[in-house]
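Before any comments, here is the structure.
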Amino acid sequence: MTVEWLRSSQEAPEHSGASRTSGASWEAGDPPAFRLRLSPNRSLTPRGFVWVIACAAGLALLPLLGMLGTAALWGVLPFFVLVIWAVWVAIRRHWRDASQVFEELTLWRDRIELVRQDPRNGRRDWSANPYWVRLSLRPEGGPVENYLTLKGGDREVELGAFLSPQERESLHADLQQALATC
């Protein structure tokens, strides 16, 4: 998981003598108190991609060794090339799709927004008042272990669908702290 926390300062500059947290009103356009961007792990590196394609080609060539010198080799060879090409295209598409998947949670004093970008489902937005938002972590009984949700208003949304159970647990603790400070 790639987690990027961006915290903006809520305090006025020291030389002004004023403090933003001392009851001053928050106006539209103010920077968020917290911003969290989640994206899935990218475990296959470009070097690993070369190894996967080389191993797939090597393993697919093993049965063809028995056909060397026969006319049957020319009948099977196009299918060999098609298989290697299909593996190549599938991995490249997965890389492209994975780079477009992210969740961004933005927290202001009076609003919380969650944006999920997915190449197949497009962009989905959710927002609520953070005072009424309930963060829950269900160790069991959810679709996955440590199911993490935010509930505000009439909707409950899942957060970190692509994270491991340990990562969702850690994110839960961080989000509880962020919601408490706003």
Side-chain angles (χ1 to χ4, degrees), residues 1-14 16 18-46 48-49 52 90-182:
M1 156 186 79
T2 304
V3 177
E4 183 180 349
W5 276 101
L6 303 172
R7 291 178 170 88
S8 59
S9 176
Q10 296 178 352
E11 297 295 322
E14 287 186 30
S16 73
S19 172
R20 296 275 325 245
T21 58
S22 62
S25 64
W26 288 71
E27 299 177 14
D30 279 346
F34 295 96
R35 177 173 287 153
L36 169 70
R37 185 177 176 98
L38 301 171
S39 55
N41 282 327
R42 311 274 316 260
S43 58
L44 186 62
T45 64
F49 174 72
V52 167
I91 292 174
R92 297 296 284 183
R93 177 167 181 184
H94 175 71
W95 270 356
R96 187 191 67 217
D97 288 353
S99 69
Q100 296 174 1
V101 173
F102 68 87
E103 290 180 356
E104 188 169 287
L105 182 91
T106 310
L107 181 61
W108 290 269
R109 186 175 175 156
D110 62 346
R111 186 174 78 245
I112 184 171
E113 290 181 356
L114 178 64
V115 174
R116 177 168 172 85
Q117 179 68 41
D118 190 331
R120 292 190 180 83
N121 296 326
R123 179 184 164 127
R124 292 176 283 174
D125 298 340
W126 171 84
S127 64
N129 184 332
Y131 182 79
W132 299 108
V133 168
R134 189 178 70 206
L135 178 67
S136 65
L137 180 70
R138 297 183 205 137
E140 295 176 3
V144 294
E145 184 183 344
N146 287 340
Y147 187 59
L148 183 61
T149 60
L150 288 168
K151 184 172 185 169
D154 58 349
R155 277 181 60 195
E156 186 171 17
V157 293
E158 180 180 10
L159 186 62
F162 43 77
L163 302 178
S164 71
Q166 296 80 14
E167 291 169 332
R168 281 191 290 271
E169 191 173 352
S170 172
L171 180 60
H172 177 260
D174 292 343
L175 282 176
Q176 270 187 327
Q177 184 178 2
L179 284 168
T181 59
C182 267

inquiry  = Walk me through whether V115 and E103 qualify under side chain to side chain contact (heavy atoms under 4.5 Å, CB included).
reply    = CA-CA 6 Å; V115 174; E103 290 180 356; over 6 Å; no

For a quick test of reading the model, state the closest non-hydrogen atom pair linking [X] to [Y] and the distance between them.
X    : Y    : value
D118 : R124 : OD2-NH2, 4.2 Å
V101 : S39  : O-CB, 3.9 Å
A128 : V133 : CB-CG2, 3.8 Å
P40  : A98  : CG-O, 4.1 Å
P130 : W108 : CG-O, 3.7 Å

ask   = Are the charged groups of R111 and E113 less than 4.0 angstrom apart, N to O?
value =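 Between E113 and R111 there is a salt bridge, with a charged N closer than 4.0 Å to a carboxylate O.
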
Would you call [X] and [Y] a side-chain contact if the rule is heavy atoms closer than 4.5 Å?
X    : Y    : result
L38  : L159 : yes
N129 : D110 : no
L150 : R155 : no
F102 : R37  : yes
S136 : E156 : yes

Separation between [atom1] of [X] and [atom2] of [Y], rounded to the nearest 0.5 Å:
X    : Y    : atom1 : atom2 : answer
L137 : L175 : CG    : CG    : 10.5 Å
E145 : E169 : CD    : CD    : 8.5 Å
T106 : E104 : OG1   : CD    : 4.5 Å
L105 : I112 : CG    : CD1   : 4.5 Å
L36  : D174 : CG    : CG    : 8.5 Å
L163 : H172 : CG    : NE2   : 13.5 Å

query = In terms of side-chain heavy atoms, does E167 have a donor or acceptor partner in S164 at a distance below 3.5 Å?
reply =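 Yes - a donor-acceptor pair under 3.5 Å links their side chains.
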
request  = Quick one: do L114 and D125 satisfy side chain to side chain contact (heavy atoms under 4.5 Å, CB included)? Show the steps, please.
outcome  = CA-CA 6 Å; L114 178 64; D125 298 340; over 6 Å; no

query = So, the side chain of R123 versus the backbone of Q117: is there a donor-acceptor pair under 3.5 Å, distance only?
reply = no

inquiry  = Main chain of K151, side chain of R134: is a donor-acceptor contact present, judged purely on distance under 3.5 Å?
reply    = no

query = With a distance cut-off below 6.0 Å to the six-membered ring centre and an angular limit of 45° from the axis, does R168 pair with Y147 as a cation-pi contact?
reply =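 No, a cation-pi geometry is absent between R168 and Y147.
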
From CA spacing to verdict: side chain to side chain contact (heavy atoms under 4.5 Å, CB included), F34, T181 = CA-CA 10 Å; F34 295 96; T181 59; 3.2 Å; yes

inquiry  = Suppose we screen for ring-ring contact (aromatic ring centres under 6.0 Å, His included). Which residues come up paired with F49, at least two apart in sequence or across chains?
reply    =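 F49 satisfies ring-ring contact (aromatic ring centres under 6.0 Å, His included) with W88, W95 once adjacent residues are dropped.
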
inquiry  = Run the side chain to side chain contact (heavy atoms under 4.5 Å, CB included) test on R138 and T149 for me, step by step, so that the C-alpha distance in whole Å, both residues' side-chain angles and the decisive distance to 0.1 Å come before the verdict.
reply    = CA-CA 8 Å; R138 297 183 205 137; T149 60; 3.8 Å; yes

